[in-house]
There are 2 protein chains.
Amino acid sequence: MPKLGMEPIRREALVKATIFEIGQTGSLDVTVSQIAKRAGMSSALAHHYFGSKEEMFLAAMRHVMTIYGAEVRGALCLAQSPLERIEAILAASFSAANFRREAVGAWLNFWVLAQSVPEAKRLLAVYQRRLRSNLLVGLRPLAGEEAEAIATGLGALIDGLYLREVLKSGPPDSGAAVSVARAYLAAQLREKV
Amino acid sequence: MPKLGMEPIRREALVKATIFEIGQTGSLDVTVSQIAKRAGMSSALAHHYFGSKEEMFLAAMRHVMTIYGAEVRGALCLAQSPLERIEAILAASFSAANFRREAVGAWLNFWVLAQSVPEAKRLLAVYQRRLRSNLLVGLRPLAGEEAEAIATGLGALIDGLYLREVLKSGPPDSGAAVSVARAYLAAQLREKV
DNA sequence: TTTTTTGTTGATTGACGCGTCAATAAACTT
DNA sequence: AAGTTTATTGACGCGTCAATCAACAAAAAA
């Protein structure tokens, strides 16, 4: 009994199922049938809405990055000072949400995907530019001309800390990651004076 | 025309071919036939020497990490001072060898593999402990008790910088990566005084 | 010399996956 | 009422792939 206007619903369900299955498997080795089943439809329908599996992956990637972007924006709008802005970004980057199996699987696999799929690389570049720009808004009042260099380091440090927390055995410790990032920042800023 | 003592030769050829193909494809989506062909033998022989594809991946991973370990050791034995030790590690981490397609593909995909294959996770943990320990030898004379914390940050920063250099479009700039790491170090050490 | 061990492969198996297509049916349009 | 668009799926073609096996070749051991 086909109801009209299913497209957005189906697409969203497929995107979420894609992310879930990637997280579950830990790799991009998921079948369209798996995804479709999880989303409650036939694989043919999945192909109807997204032309190919790759399109599903890219849509999932956009979704993950959109969510992360929204989290950061949400945290930023409460920030009152430059330092609070940076703290907000750190908190969002190491939030529990980002350490869920699905998010972890998504990020790690998107890094891999970026190697062979230009569009995936483009999306990652967008994410990095946004993060950098957000950091700079907070850093410029604190560090002036050195803000650029500090932002470069801090951005990389965030990714590296994330990677470490995610790959170590045992539950990730976001507090520790934030502390290290804070220490980096403190050292770089103190140098200013 | 079977010659004796082929096992080590075949295994090495397969390991190198595995790394090459992963780098070429940019993913773990390589077939045993591809690998075997590249290594100049039939896929059946590949299965004969390694029981399964996963074993090939793990052997390849060990190989990549062994190479990297050797590079670091080689650079370290020339180091005369604590600071030179750290510089040596940085140079090795961002060496041209590590930015080859094959090395990049290997590292990124091993991070993904670690999600689902415990042995892969274990190997990565070994690598991280070794890096940390190497850093500490250099850091302790310079930073005393704070060495541990600095090593944690520096280790993560190295991974993060590597990731950034690798994922950006255009050729990687190892000089830039080393500069950022050096700046981090300088800031953390100056704080001491 | 016979036997065993080691090296090697073509062919095969059994399974699985992506993407397509024809067919069905409900909802809108005219 | 007839036609069009949207939603939906079962079946399937065509290809792929990991792993196995039987069989053959050459060196080593007995």
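First the proteins, then the strands, lettered A, B, ... as listed; each starts at 1. These figures come from a predicted structure and were not determined experimentally.
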Pair A:Q24, A:V30 - check side-chain contact (heavy atoms from CB on, under 4.5 Å), show working. CA-CA 9 Å; A:Q24 201 76 8; A:V30 291; over 6 Å; no
Contact under 4.0 Å: B:R10 side-chain N or O vs C:dT6 OP1/OP2: no
Candidate list B:F94, B:F99, B:Y68, test ring pair (Phe, Tyr, Trp, His ring centres under 6.0 Å), partner B:Y162, passing option: B:F99
Matching residue for A:E21 among A:K37, A:R38, A:K16 - test: salt bridge (Lys or Arg N to Asp or Glu O under 4.0 Å): A:R38
Give, ordered by number, those residues of residues 46-54 of chain A having at least one heavy-atom distance below 4.0 Å to an atom of DNA chain C; if nothing qualifies, reply none. A:H47, A:S52, A:K53
Regarding the side chain of A:A44, the nearest nucleotide among C:dT8, D:dA18, C:dC21 is C:dC21
Once you round it to whole Å, what is the distance between P of C:dG17 and CD of A:E21? 12 Å
Rounded off to whole Å, could you give me the CG-to-P distance for the A:L45 and D:dT9 pair? 6 Å
Atom-to-atom span, CE of A:M6 to C1' of D:dT9 - whole angstrom: 14 Å
hydrophobic_cluster_shared for A:L161 and A:V178, side chain cutoff 4.5 Å: yes
Would B:R11 and B:E55 pass as an ion pair if we require N to O under 4.0 Å? no
Any luck finding a side-chain donor-acceptor pair between A:R132 and A:T152 under 3.5 Å? yes
Rounded interatomic separation in angstrom, taking CG from B:L14 and C1' from C:dG7: 13 Å
Between D:dT20, C:dT8, D:dT9, which one does the side chain of A:M41 approach most closely? D:dT9
Considering only heavy side-chain atoms of A:T31, the closest of C:dT8, C:dC18, D:dA7 is C:dC18
